[in-house]
Amino acid sequence: MKHTSILRRTAFGALLSAAICSAGWAQESPKEEDFFKILKVSAPEGTLLEVGGLTVLPNGDLGVATRRGDIWIVENPTSRRPFFRKFASGLHEVLGLAYKDGALYCAQRGELTKLVDTNKDGKADVIETVTNIPVSGHYHEYTFGPKLAPDGSYFISGNVAFGDEKWWAGESRVPWRGWIMHITKDGQIEPWATGVRSPAGLGMIDGELFYADNQGDWIGSGGVWHVKKGAFMGHPAGLRWSGDPKSPVKLTQEQVYAKVNPRDNRDERGRAIKPENVVDEKFVTLFEMKKEFPEIQLPVVWLPHGIQGISNSEITQIPEGSFGPFQGQLLVGDQGQSKITRVFMEKVNGEYQGASIDFRSGFRSGVLRMAWAKDGSLFVGETNRGWGSAGEADEGLQRLTWNNQLPFEMRAVRAMPDGFEVEFTMPVDRKSAEDLASYSVESFIYKYHPVYGSPTVNKETCTVKGVKVSPDGLRARVIVDNLRQYYIHNITLDGVRAVEGSYSLVHPTAYYTLNNIPEGQKLAMSEVSTTNSAAVKAAPAAPAKKGTPAKTGAKPGAKTTAAGTKTGSLIAKAPTFEEVKPLLNRHTCSACHNAEKRQVGPAFSDVAKRGYSNEKIVELIYNPKPQNWPDYATEMPPMPQVPKADALKIAAWINSLGPNGKTAPAKNADQP
């Protein structure tokens, strides 16, 4: 069995002991902000830091590139009074920054550029082209990078364009759009891998290249991919150039389209058609395509859309000495939800896979870039314009610091032949950890199709059959029935508590992408606990008397709709937030909307003010009208996968936030 972890083993027993002894939290379980604090890096008044790139210089200064074409050097960036010095300006939408041998390198839209301060006056006086990058002029042809390879060469990635008025889909209009490109030290472009859609996040991890993509057409959800030369990640636009002699990928668009028609389930604008016309029985998955086309590279981890981001960005590895027990693991930013997710990776049968766990949310704008300060804190560069994000600002530069207190978290989740092993940052309470009711596991996957994004599909419950807790209380081996290769396994530990303080986990859910199930010894049932407090059944309800209708809470003759409203009645009983919250999360509504404040999309309370009927809101869920909300740059995609009963409940709750309170509006307003 080949089953090795890339997480460096670290000794933090002293830290663990100190954290347990000094735990002085209130009765409520600690939250992420109790351990990781967000600090603002103050920029000069009037400076707009729509950050596109970050890099830390050898002396600890911070290089900051902006989408507006400026490059700043920030001296003493971790102090209370950092000094900003403009290094260069007039560049074209810089979306990456790197330092090498006394020079800065940035990816502009149409070139990789070198900037040098030869006369040491603090400003770039030599700006030269390393290589030209093909562009058609389409607004969406972003260029990201560079990331430095171990030999000093560079990697950049190119966004696809997005269609014309007749057909809205990702296109590669010029060579190597939709590709990850290797740039040699002498400036030659070497196409490396394709199938990328909006590859905003590149990461060089232990000398190997990884990237994060954004959900959209052909990409059912965001995720992290290991980039191998000649790999195809799933988006077929870049395959237009696979016949070029320089292409290491030989798969063609025609081969992909023979398996998945690019116009299936789409209207003339490339949007999902109405749910009653969608034929779900015919969908395929990316892993099924891989059986036919071995060059397909599956994600190391899927980052479930709307839960762990909506537009994944920078990938960085936690360096030694930073962030305590998590060093060596990955952090992945997200622009839309203004948050950071943590990823634990391991190798099973020669391929990377692993678990993704929420880490820190609450940044003031969209997280696009990250870089490690000399003191072990993390610089976070943010931007919002044109894309939309959570937070109260359109731009920003912040710093994430750790207070050296140890959070109760899942440090790692590893695949086992019969389930998973969860490693904790501190010992667990044995009674709670040996109770099967403390665990739940569900698996699901995404469609591989040309429609924008994908619902979760093929959901199945995986029964937890037994648990074995290690003598030191730091590990729990969980036997899980119905493991499915290639599927995402949602592992939730709501009932597990820490020994000290009986705290719940800061983040009780991990999403493990099970590309391979390892071989090896399985646990015998005689070795594990099968205690299940949830198995105590409630007393059966007394049967209704013959001829007596069961009570439903409604008057005789009144019909109740799926939204909980009585037809023919002026009173609409809307669901509570606690009742609708699971639906908002399940269907990713909460990814872009907040009850009371503007986020990526309008607040639900602002929608309620429009006076739409419940039925009209359902219609707009299935077929949004972006022109109704002209102040929001990010268009809402159609959501035909939401069952109508769920959509009606959501609509009824939204309308309960309006001026009429619990009374749903009677009119069917179509106005913006």
Can you find a pair of side-chain heavy atoms, one from Val116 and one from Asp125, that are under 4.5 Å apart? no
Can you find a side-chain donor-acceptor pair between Arg67 and Thr383 that sits under 3.5 Å? yes
Any salt bridge between Glu292 and Lys259, counting N to O under 4.0 Å? yes
Donor-acceptor under 3.5 Å (Lys290 side chain, Ile296 main chain): yes
Atom NZ of Lys37 with >12 non-hydrogen neighbours under 6.0 angstrom: no
Tyr352/Phe210 aromatic ring centres below 6.0 Å: yes
Is the distance between the ring centroids of Phe359 and Phe36 under 6.0 Å? yes
Heavy-atom pair with the smallest gap, counting every atom of Gln485 and Asn515: NE2-O, 3.0 Å
Mind telling me whether His138 and His140 have parallel, tilted or perpendicular rings, with 30° and 60° as the class edges? tilted
Counting the benzene-type ring for Trp, do Trp192 and Phe155 have ring centres under 6.0 Å apart? yes
4.5 Å side-chain heavy-atom contact, Leu239 and Leu251: yes
For Trp402 and Phe323, I'd like to know if the aromatic rings sit close, meaning centre-to-centre distance below 6.0 Å. no
Honestly, is Arg342 close enough over Phe326, meaning NZ or CZ under 6.0 Å from the six-membered ring centre and within 45° of the axis? yes
Applying the side chain to side chain donor-acceptor pair (under 3.5 Å) test to Ser153, which of Gln188, Lys147, His182 qualifies? His182
I want to know whether Tyr448 and Trp218 have ring centres closer than 6.0 Å. yes
Are Glu171 and Arg177 within salt-bridge range, i.e. N to O under 4.0 Å? no
Stepwise, does the side-chain contact (heavy atoms from CB on, under 4.5 Å) test hold for Gln337 with Asp334? CA-CA 6 Å; Gln337 287 191 322; Asp334 187 76; 3.4 Å; yes
Do Tyr487 and Phe287 have ring centroids that are under 6.0 Å from one another? yes
Salt bridge or not between Lys339 and Glu32? Use side-chain N to carboxylate O under 4.0 Å. no
Taking the ring centre of each residue, are Tyr446 and Trp302 less than 6.0 Å apart? yes
Exam field: side chain Ser338 to backbone Ser365, donor-acceptor pair closer than 3.5 Å: yes
What closest approach, in Å, do Ser389 and Gly366 show between heavy atoms, and which atom pair accounts for it? OG-N, 3.1 Å
Say whether Tyr139 and Glu93, considering side chains only, have a donor N or O and an acceptor N or O under 3.5 Å apart. no
Cut-off 3.5 Å, side chains only: do Ser377 and Arg399 have a donor facing an acceptor? yes
Close side-chain approach of Tyr154 to Thr131, heavy-atom, < 4.5 Å: no
Considering only NZ, NE, NH1 and NH2 on the basic side and carboxylate oxygens on the acidic side, decide whether Arg85 and Asp117 come within less than 4.0 Å. no
So, does Asp394 use its side chain to make a donor-acceptor pair with the main chain of Asn384 at under 3.5 Å? no
Among Leu62, Thr47, Val51, which residue satisfies the side chain to side chain contact (heavy atoms under 4.5 Å, CB included) criterion with Trp72? Thr47
Any salt bridge linking Arg414 with Glu423? Criterion: basic side-chain nitrogen under 4.0 Å from a carboxylate oxygen. yes
